[in-house]
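Chain naming here is simple, since letters A, B, ... match the order of the sequence lines and numbering starts at 1 in each.
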2 protein chains.
Amino acid sequence: MIDKQSPIPIYHQLEEYIKQLIENGKLKPDEAIPSEREYSEQYQISRMTVRQALNNLVNDGYLYRQKGRGTFVNKQKVEQKLQGLTSFTEDMKERGMVPSSRLISFEIIPAEPQLARKLDIKENTPVYEIKRVRMADSLPMALETTYLPANLVKGLTEEIINKSLYQHIEEKLSLTIREATQQIEASIAKETEVNHLQVESGSPVLLIVRTSFLEDGTPFELVKSAYRADRYKFVHTMQRAAK
Amino acid sequence: MIDKQSPIPIYHQLEEYIKQLIENGKLKPDEAIPSEREYSEQYQISRMTVRQALNNLVNDGYLYRQKGRGTFVNKQKVEQKLQGLTSFTEDMKERGMVPSSRLISFEIIPAEPQLARKLDIKENTPVYEIKRVRMADSLPMALETTYLPANLVKGLTEEIINKSLYQHIEEKLSLTIREATQQIEASIAKETEVNHLQVESGSPVLLIVRTSFLEDGTPFELVKSAYRADRYKFVHTMQRAAK
DNA sequence: TATTTTTAGTTGTATAGACCAAAAAGTTCT
DNA sequence: AGAACTTTTTGGTCTATACAACTAAAAATA
């Protein structure tokens with residue numbers, strides 16, 4: 001299990017080994033794992049090395065410790081899943097619904113000052129503007145407008161949009177979205193939203209504005225969405241930095 | 001600076017000391033801090049102890065390391081701040097506003113089935129119910145109801161609530177909140193919300209339900225808030241898990 | 001039987017040292 | 001001046017050990 005001759009650090013080998021056991025369910029939540037000294041003796045490695053492995057797993061949320069009692073397996077976190085999702089499609093699949101879209105408009109427009117600032121491009125730089133009604137299980141869920149700098153995503157077609165814009169971006173253009181900032185607020189449905197979402201006037205909507213960034217920090221897209229409040233709830237898990 | 005006789009661990013003292021220097025701006029982003037060996041010699045402590053302090057600061061995002069070069073101060077991240085905040089007070093301070101509260105009611109009630117399930121306690125177990133109007137710069141911002149299992153937080157008084165509930169929990173009871181799940185949705189202000197938040201009937205509100213968990217995963221509190229949509233925007237940065 | 005004390009086991013803190021690998025700085029040679 | 005080599009400094013990994021703080025179970029005591 002542990003190869004001392006390997007160029008891979010011992011603590012890392014142990015870390016991966018324990019992580020496997022947890023993810024395979026061989027170690028169950030709240031179950032105690034062997035003590036540090038047990039690992040130390042079993043694999044003939046220093047206890048400090050074992051601690052390094054366990055500390056990393058504690059920091060990653062896989063384990064938790066209790067002084068005088070032992071080290072235990074943490075509950076699997078939904079958070080991991082939620083952190084990863086960036087698109088409506090992924091979000092809906094996660095909720096067990098079937099996502100679909102209806103394209104309203106698709107054009108290239110010059111970036112207005114406000115948009116240009118958010119995407120960190122010059123004014124009037126061409127951007128794609130994609131308006132879509134997003135549906136879950138064939139029912140209108142959100143009205144979404146996506147803005148993409150045209151120079152970053154060339155040769156976009158209606159077909160690509162209808163298929164999977166994200167897949168195209170990640171696989172064909174090999175761009176990776178590293179992080180996203182979301183601003184969420186409540187509002188009352190405007191007229192276009194009333195029409196496209198098929199809600200009564202005066203209905204509440206959840207507005208989400210998401211800005212995504214590439215690995216080097218370049219702003220990549222701006223997505224403005226208006227969700228039907230009666231159908232959509234935003235769920236989010238946050239972890240506190242250890243003091 | 002470092003007191004070896006103190007009951008506070010040495011690594012923790014060093015950690016706080018360096019953190020201070022960063023937050024005070026005496027150490028600037030991308031500036032190199034003294035090497036591990038320098039700290040070790042200057043304070044006559046083991047290099048491993050220094051490493052423990054630095055590792056914690058790296059994990060918390062205050063520092064980053066480069067093999068062969070040194071250890072450097074990280075850029076202040078908004079994200080870090082956002083992840084850390086758990087209370088209305090912290091949130092408002094972060095936004096540069098002055099938070100305050102007005103207590104509406106404070107009592108111990110038996111947990112209803114739904115609440116009991118969310119807090120993972122038995123039905124009718126006593127819980128504190130605290131209703132407050134939360135204000136920012138003296139203007140009503142949110143109507144908040146907090147539920148705390150009475151067995152976890154004993155001897156709560158009005159005074160404590162008005163002072164700082166979180167400080168009391170973390171320092172006096174030495175409980176640490178590790179993570180929180182939030183559900184966010186949009187709605188129309190109900191009558192009590194209309195009254196306490198001083199909005200017109202039909203106004204949109206942002207509803208946030210937060211469940212906080214302790215280090216071992218025990219549910220600790222449930223907070224239901226209704227924010228004035230015209231004054232409050234929820235901001236959230238998420239990072240994508242590396243593939 | 002009930003209570004207190006002891007004991008064994010656990011994680012937490014800390015030390016002193018060793019060697020490695022990467023980067024930077026200094027030195028020598030061309 | 002520039003290139004190639006050597007030395008120094010830095011963080012990364014690992015060992016072996018010691019004692020403290022805490023928990024839970026066992027043993028001794030009332």
*Which nucleotide sits closest to the side chain of B/Glu36: C/dT13, D/dG12, D/dT10?*
D/dG12
*Tell me: OH of A/Tyr39 to P of C/dG9, nearest whole Å?*
19 Å
*Which of the following nucleotides, C/dT13, D/dC14, C/dG12, is nearest to the side chain of A/Arg65?*
C/dG12
*Counting only N and O atoms by type, is there a donor-acceptor contact under 3.5 Å from the side chain of B/Gln183 to the main-chain atoms of A/Lys233?*
no
*Compare all side-chain heavy atoms of A/Ile10 with those of A/Gln52 and state whether any distance is below 4.5 angstrom.*
no
_Nearest to the side chain of A/Arg69, heavy atoms from C-beta on, is which of D/dG12, D/dT23, D/dT15?_
D/dT23
*asked:* If I take atom CZ in residue B/Arg47 and atom C1' in nucleotide C/dC20, what distance separates them, rounded to the nearest angstrom?
replied: 11 Å
*asked:* Taking any heavy-atom pair under 4.0 Å as a contact, classify A/Glu38: base, sugar-phosphate, or nothing.
replied: sugar-phosphate
*asked:* What is the distance, to the nearest angstrom, from the NE2 atom on A/His12 to the P atom on D/dC14?
replied: 11 Å
*Could you state the atom-to-atom distance from CE of A/Met48 to C1' of D/dA18 in whole Å?*
12 Å
*Should A/Thr49 be listed as having a side-chain N or O under 4.0 Å from OP1 or OP2 of D/dC14?*
no
*N/O (side chain, A/Ser35) to phosphate O (OP1/OP2, C/dG9) under 4.0 Å*: no
*asked:* Within the structure provided, determine whether B/Leu63 and B/Val73 are in side-chain contact (heavy-atom separation under 4.5 Å).
replied: yes
*A/Phe234 and B/His236 aromatic ring geometry - parallel, tilted or perpendicular at 30°/60° bounds*: perpendicular
*Just how far, in rounded Å, is P of D/dC14 from CG of A/Asn55?*
14 Å
*Between D/dC19, D/dG11, C/dA14, which nucleotide has the shortest distance from any of its atoms to the side chain of B/Tyr11?*
C/dA14
_A/Lys19 with A/Glu16: basic N within carboxylate O range, under 4.0 Å_ = yes
*So what is the end-to-end bend of the helix from C/dT1-D/dA30 to C/dT30-D/dA1, with 5 pairs used at each end and the value given to 10 degrees?*
20°
*Protein-nucleotide distance (A/Lys4, atom NZ; D/dT13, atom P), rounded to Å*: 16 Å
*For B/Leu21, which residues count as a side chain to side chain contact (heavy atoms under 4.5 Å, CB included) partner, sequence neighbours excluded?*
B/Tyr17, B/Lys26, B/Leu27
_Euclidean distance, atom CG of residue B/Asn56 to atom P of C/dG12 [Å, nearest integer]_ = 12 Å
*Looking across every strand, which nucleic acid part, if any, lies under 4.0 Å from A/Ile10 by heavy atom: base, sugar-phosphate, or nothing?*
sugar-phosphate
*Between C/dA16, D/dT13, D/dG12, which nucleotide has the shortest distance from any of its atoms to the side chain of B/Lys67?*
D/dG12
*Please tell me which of the listed nucleotides, C/dA14, D/dT15, C/dC19, lies nearest to the side chain of A/Ser46?*
D/dT15
*Donor-acceptor pair under 3.5 Å: do we get one between B/Arg51's side chain and the base of D/dG11?*
no
_Please tell me if A/Thr71 has a side-chain N or O lying less than 4.0 Å from either OP1 or OP2 of C/dT11._
yes
*salt bridge (charged side-chain N to carboxylate O under 4.0 Å, His left out) with A/Arg47: which of A/Glu36, A/Glu38, A/Glu41?*
A/Glu36
*May I ask you to evaluate whether A/Gln52 reaches the phosphate of D/dT13, defined as a side-chain N or O under 4.0 Å from OP1 or OP2?*
yes
*Would you mind reading off the distance between A/Arg37 atom CZ and D/dT23 atom P, rounded to a whole angstrom?*
17 Å
*When you check the side-chain N and O atoms of A/Glu23 and A/Tyr62, is any donor under 3.5 Å from an acceptor?*
yes
